[in-house]
Amino acid sequence: MNKHDSCCAGGTGDGCISGAASRNGNYDYEPKQVEAKWQGIWRDNETYVVTEDPLKPKYYLLEMFPYPSGELHVGHVRNYTIGDVITRYKRARGYNVLHPMGWDSFGLPAENAAIDRGIRPDKWTWDNIAHMREQLKMIGFSYDWSREVTTAFPEYYKGTQWLFLLLYERGLVYKKTAPANWCPKCHTVLANEQVEQGKCWRCDSLVERRSMDQWFFKITDYAERLLADLDKLDGWPEHVKAMQANWIGKSEGAEIDFVGPNDEKIPVFTTRQDTIYGVTYLVLAPEHPLVEKFIQGTEYEAPVRAFIDKVSKMSEIDRTAETFEKEGIFTGVYATNPVSGDKVPVWVGNYVIYEYGTGAVMGVPGHDERDFHFAKKYGLPIKIVIQNEDQSLRLEEMDTAYVDPGIMVASGPFTGLDSEAGRAQVTRFLEENGTGRGKITYKMRDWLISRQRYWGAPIPMIYCPKCGTLPVPKEDLPVVLPLGLQVAPEGPSPLARHEAFVNTTCPVCGEAAKRETDTMDTFVCSSWYFFRYAGPHNTDEAFAKADVDYWCPVDLYIGGVEHAVMHLLYARFITKALYDAGLVPADEPFTKMLTQGMVVRDGAKMSKSKGNVVSPDEIVGKFGADVVRVFMMFAAPPERDLEWSDRGVEGANRFLRRVWRQVTGGPDGEQPEVNDAPGEGISTEGLLRITHQSIKKVTEDLERLALNTAVSQLMELSNYIGRYQRLPGTSQSPEALDEAKAALVKLLAPFAPHIAHELWERLGYDGTVEEAGWPEYDPDMVAERTVTVVVQVNGKVRDRIQVEAGSSDEEVTEKALASDRIAKLLGEAPEAKDKIAKVIVVKDKLVNIVIKR
RNA sequence: GCCGGGGUGUUGGAAUAGGUAGACAAUGGGGACUUAAAAUCCCCUGGGCUUUUGGCCCGUGCGGGUUCGAGUCCCGCCCCCGGCACCA
């Protein structure tokens, strides 16, 4: 860039020879110097290192820690700035604030870098962390860096392994062979939460089904509590709670035992027990073990086998496609309805999911849309057992199922019951006759945590030929991940090929045994890190009770919504498990949650391929961190997407430069010249009023996380100060101006900490702006002495009058009626008074005169 | 389809408890200062009408409703974004 172009427009003042800066050295705001100076002071003084202090109220503020990809992006900057603003505010208000940072540093990209570029995953990771840590420091975030946590360090993953063993002891870990989601590109299995529309959440590859022997965490044991406790999370966004509830997917219904050949029970799960008399067939999942039993040695064996074979070859994406056709085939057997006694054919269908419910469903074509289509397609009978209100349903007229509630008909003893009530009746009947039971089913499955990858925390289990599968004794932790192994794109993980790792001895019999070579899902690492920050140097334990008792739960957690179901669900589960073990003080990890929006440019998510990426280094280098912080807080409310705007950044730049001039200038401020007119209505009283109004407004906005409007209030205060400084010197009150400046700097400090610290120092106060604490407003100063009251006639604004604040309704009404405009509208007295139907007065705000028409 | 969120000037957004719609910015326009530019400062910037130093009408996705008064509450739609999706 041309140096002359950038010198005054851009901002740093380098090489500037003319303009305001040269007339008065104080005008020369140089963010680079100011920011380096204060970052150095904060580092040298360990300003933001916190210790437990029982005398102060604690506040634990956490942003989701990053994966060390190598480069900080603007989304991170926004996320962490929001957190830093609140942190600095809370600190100024006297809270003992824990605000830590760390690295979610296990995971695939490190391995891919090793494969693609021949860099060791550990080196790649440590280098990235070092670089990103420096980037974070450049933005002036007030982290307690002494508590930095790195999940890939043995001292951390020792805790992850300890957690695994704790869950194992508590019966929350098991191994089973089951069809799993296999990502062919990542060469590993994935948990259900990590598959989005049949694709891998990280790399978008189509996920395949593969049967594998895998470790699971029994999150389903906590399904009910994870769902019910959402109600306790008042501080969470609705959409996150909704997504979790949806994911958990609770269904209340009944399991009904149909009876097949040889009295074989075929349990089905339904939420519509009331339609039991409408069942005309059953459908089993292709994987259902009874299918094989039913068809063996019959004429149906070959065609059903062929059908199952065809279904099993379908990919996940075929099964979820819009065009997916419901297909089925008769097995040749019939089952008896335990309530009605009807005999119905048993089918196999490609749409029945073996893992959900009982893997078998009852077909009620009259009252289920999908069953209706299936029955039509295969010529199965349809029965009406629920009638609408006017009893007008006719089978021959039906072209769609009747799925609404109604009255039970043709339902034996239940006929005439309301269908909703009938549901409970049918369940009672089933239970009394031992042919079924009320049942609650959840969609959520257990959390598959095995990963066939190298760069992760080893699962601490041992396979002994004599003693079986055994946990590693806790005193032997950590099971150290060997570094420097050759990582290959295909085949077994390097751990499985590394003899020194695999071969071990049995902790029970001492004979030769083998280690588990799968590593843990990185989401396990991130499901407890917020406890580790409470005492990150603990070498004996993952965390000490006293530490988490002091700091936890997290008071405010900030991160992207992409983790609504994944990280946030896992973290809640782990917290509940730890709570049940008596190790942590609360059964929910995050009291309040803020999901910040994305940073977009030209309406699209930033990506290298679109070429619309903004580099934090570049923009901070050009304008300084404070400008970037202020822009990002101002441009949009935190939870909404933020449209990046170069113009907007320049606006923030102008604002901070103006504040600099206003504060560093003398009482004369702008050194007014002929053209510097202050505008209308500027007074010392007004200056003090807006100062106190700003303290009130900014404080309230920070409390409700409305950071954009807080910044706008700072701009209004600054605008007023600027105008005030343009009054003739004799009309200015230096004391009032000092008060206004001090308030402005204090209120600005959370948003633009460097410039605020520097200005505070230049104002000559003792101590730092943070040590000065948060300003208090005086309610008397906030109140306007005279207020503008709107005068409406029939709800339309017709005039505005000035009245003394707190005037009585009568006074205001009188004044309103007396105004020229209103008098004109009402016409001449005395008829005027008769026209008035009523008068509504809202104190100090509005008068509405309602007139008859 | 179900669940959640949203729709306000040219743009980002504000209006927190039903009470002045458009704060604060950005953009654009006009002016001051300057040899000039930058920077800075001042004014204007939703639409239409008008008898134009004044005033009127319309306007918060659409259509109704409640109310003295609706961006805000209620009913019915439309559209956009996000999540889930043969879950029985």
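It should be emphasised that the depicted structure is a prediction, and the values quoted were computed from it without experimental measurement. Below, chain A is the first sequence line, B the second, and so on; all start at residue 1.
- Not a single donor-acceptor contact under 3.5 angstrom links the side-chain atoms of A:Asn246 to the base of B:C84.
- For A:Ala635, the listed nucleotide lying nearest its side chain is B:G12; candidates were B:A88, B:G19, B:G12.
- With a 3.5 Å ceiling on both atom-pair distances, the Watson-Crick or G-U wobble partner of B:C24 is B:G12.
- OP1 and OP2 of B:A39 both lie 4.0 Å or more from every side-chain N or O belonging to A:Arg658.
- Neither OP1 nor OP2 of B:A88 sits under 4.0 Å from any side-chain N or O of A:Tyr351.
- Contact annotation: A:Arg798 side-chain N/O to B:G55 OP1/OP2 distance is not under 4.0 Å.
- Whole-Å rounding puts the A:Phe634 CZ to B:G13 P distance at 11 Å.
- Not a single donor-acceptor pair, N or O on each side, falls under 3.5 Å between the base of B:U27 and the side chain of A:Arg647.
- Here B:A88 is the nucleotide among B:G19, B:A88, B:C24 with the atom lying nearest to any side-chain atom of A:Arg370.
- Distance A:Leu707 CG to B:A25 C1': 16 Å, rounded to the nearest Å.
- Pairing for B:U53 is absent, with no Watson-Crick or G-U wobble pair whose two atom distances lie under 3.5 Å.
- Taking only side-chain nitrogens and oxygens, A:Lys439 never comes nearer than 4.0 Å to OP1 or OP2 of B:A88.
- Closest to the side chain of A:Gln792, out of B:U16, B:G19, B:G5, is B:G19.
- For A:Lys845 and B:G19, the shortest distance from a side-chain N or O to OP1 or OP2 is not below 4.0 Å.
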